[in-house]
Amino acid sequence: MAYGDGIGPEIMKATLRVLEAAGAQLDIETIEIGEKVYLSGNSAGITDASWESLFRTKVFLKAPITTPFGGGYKSLNVTARKTLGLFANVRPCVSYSPYVFTRFPKMDVVIIRENEEDLYAGIEHRQTRQVYQCLKLISEPGSEKIIRYAFEYARNNKRKKVTCFVKDNIMKLTDGVFHRIFDRIAEEYPDIQADSMIIDIGTARLADTPEMFDVIVTQNLYGDIISDVAAQVSGSVGIGGSSNIGDKCAMFEAIHGSAPTIAGQDIANPSGLILSAIMMLVHINQPKIASKIQNAWLRTLEAGIHTADIYKDGMSSQLVGTQAFADAVIARLGQLPERMEPIQFAENVNHINPSSWKLMYSTEKKELMGVDIFLDWNEGTANDLGHKLDKLVDEKLRLVVISNRGVKVYPNALPGIFCTDHWRCRFETVDGKTPIAHADVLRQLATLSANGFDFIKTEHLYNFDGERGYSLAQGQ
Ligand code: NAD
């Protein structure tokens, strides 16, 4: 457990008091993370001793922390997710209407977000003076794991439907494989409905008609965005809890940050962390205690005992601070909500064991059919570049297309296309069918370099069992 920064210590104190009063069976180790550790010169914000504790105890209840600006401090959340292998981020977004204001009183959505891959791999490069790149990496096993987790979660939690959000109309390979794996795994869960949506219209629907969704599974960046959209429309950004689940370890935290402007004033709402702690109790199979706390918490909301962030004249009966809210929950332990649905978590409900899954690993034959050579070049038009390169093509290769920002600009391109200094020059095997070797690529690069061209990167063009493993340029 870590007290964190800002409002962290006070909401953690309130949460621990509730856990203890409810009789949770916990043997707590406290670790130091966050601002103090960063400012002591540790750019990761966490010490080796803390890692040792986390790897041994395997369950982490974390209060929010403050990442200092500048100075190359790394996000502790990203580091923790990656180091502990927490591949699944689970965020229930539930309405507590009319006690917490929302336009969608029936909303009850769980967002399951892939946590380790995608654009969050952090592989970014400035390649030319004008062009920057961030790599989107999607793996088959990573996709399978998160999608399987979503279906297992749905089944265990008696959910009816899993919806997949992707953008495979544009990203046919990365999002395409995610979608294909979703369809394959959905067949193994005939008891659960499965559908998919393009992320843009899906997000619009989520903001407009959230009642139509049950469980949503998606990639890292999309999940990051839609989980905030979903939390916001449920009316409860301040009271959302979340879990981050891995094969061996798990981390539980509120979705909000350290709210430094209200820190130390005993006015913060501890509910986000209390709900995260309830998720933790379910995870470590103490469902009775989890249900007891959640029901007391619901009863407290119903009684109109509210912290300032959700207090509303007419609906609330008593404005309380952080610790008084915890006292009100403690006083109601053993009671059930009277107007909202009581909760009863089942035994082993989240006993999902990803390390027992046999993931499918593709075994297709991989053949090198060409290479995209990217040039930093700023000495003329696309036709000028094409004519120069035409004279420098290796005998094993042919220059098929040059594109700029993905759009074909040579040969026979439409005039007037805006070009940057970043050119993708596609060379394919000369007869269109015989695979090439690394040596052919190296010879082509050497020729270009000897003739003054600045190549900035290459991407190899592979076929897998004869099927193209790369996209065509727009207009190719
Ligand atoms: P924030 O969530 O801390 O605050 C956003 C707004 O919500 C503020 O007005 C704040 O007062 C309010 N708020 C948040 N939690 C509340 C609560 N429990 N009760 C009542 N009101 C609450 O987001 P921010 O201001 O963007 O970030 C502040 C700091 O938190 C930054 O240093 C950021 O890096 C960090 N942060 C940490 C985490 C984490 O540790 N998981 C997550 C997000 C942000």
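For this chain, numbers begin at 1 and follow the sequence in order. Being a predicted model, the structure only gives us computed values, none of them experimental. Just follow the structure's listing: the first ligand is 1, and inside any ligand the first atom is 1.
When only interatomic distances are considered, the shortest N/O to N/O separation between Asp309 and ligand 1 does not fall below 3.5 Å.
In this structure, the protein non-hydrogen atom closest to atom 36 (N) of ligand 1 is Gly257 CA, 3.5 Å. Of all protein heavy atoms, the one closest to atom 41 (N) of ligand 1 is Asn77 ND2, 3.0 Å. For atom 32 (O) of ligand 1, the nearest protein heavy atom (residue, atom name, distance) is Thr66 CG2, 3.4 Å. Protein heavy atom nearest atom 21 (N) of ligand 1, with residue, atom name and distance: Ile262 CD1, 3.6 Å. The nearest protein atom to atom 8 (C) of ligand 1, hydrogens excluded, is given as Ala259 CB, 4.8 Å; this is a heavy-atom distance. What sits closest to atom 29 (C) of ligand 1 on the protein, heavy atoms only, is Ser258 OG, 3.2 Å.
Going from atom NZ of Lys58 over to atom SG of Cys249 covers 6.5 Å, rounded to the nearest 0.5 Å. Rounding to the nearest 0.5 Å places CZ of Arg91 at 13.0 Å from CD1 of Ile112. The NE2 atom of His256 lies 10.0 Å from the OG atom of Ser242; values are rounded to the nearest 0.5 Å.
A cation-pi contact, defined as under 6.0 Å to the ring centre and within 45° of the axis, links Lys145 to Phe87.
Contact annotation: Thr67 has at least one heavy atom less than 4.0 Å from an atom of ligand 1.
Under the 4.0 angstrom criterion, atom 27 (O) of ligand 1 counts as lacking any protein heavy-atom contact. The nearest protein heavy atom to atom 38 (C) of ligand 1 is closer than 4.0 Å. Counting protein heavy atoms under 4.0 angstrom from atom 24 (P) of ligand 1 gives zero.
Checking Glu10, His256, Lys62, Met251 against atom 15 (N) of ligand 1, the nearest heavy atom belongs to His256. By heavy-atom distance, the residue among Thr261, Ile65, Asn269 lying nearest atom 40 (O) of ligand 1 is Ile65.
Annotation for Pro64 and Ser258: closest pair CB-N, 3.6 Å, computed over non-hydrogen atoms. The two residues Phe165 and Thr203 make their nearest non-hydrogen contact at CE2-N, 3.9 Å.
Ring orientation note: the planes of Phe151 and Phe182 are tilted relative to one another, at an angle of 30° to 60°.
Only side-chain heavy atoms of Pro260 come within less than 4.0 Å of ligand 1; its backbone N, CA, C and O stay farther off. By the criterion of a heavy-atom distance under 4.0 Å, neither the backbone nor the side chain of Ile267 is placed next to ligand 1. With a 4.0 Å heavy-atom cut-off, ligand 1 is reached by no atom of Asp5.
The residues Asp214 and Lys160 are annotated as not salt-bridged, no charged nitrogen and carboxylate oxygen being separated by less than 4.0 angstrom.
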Original post:
So Glu10 and Lys13, salt bridge (Lys or Arg N to Asp or Glu O under 4.0 Å) or not? Walk me through it.
Top reply: CA-CA 5 Å; Glu10 50 203 293; Lys13 182 177 160 206; over 6 Å; no

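Among the candidates Arg113, Lys136, Lys167, Glu114, the single residue satisfying the side chain to side chain donor-acceptor pair (under 3.5 Å) test with Gln219 is Lys136.
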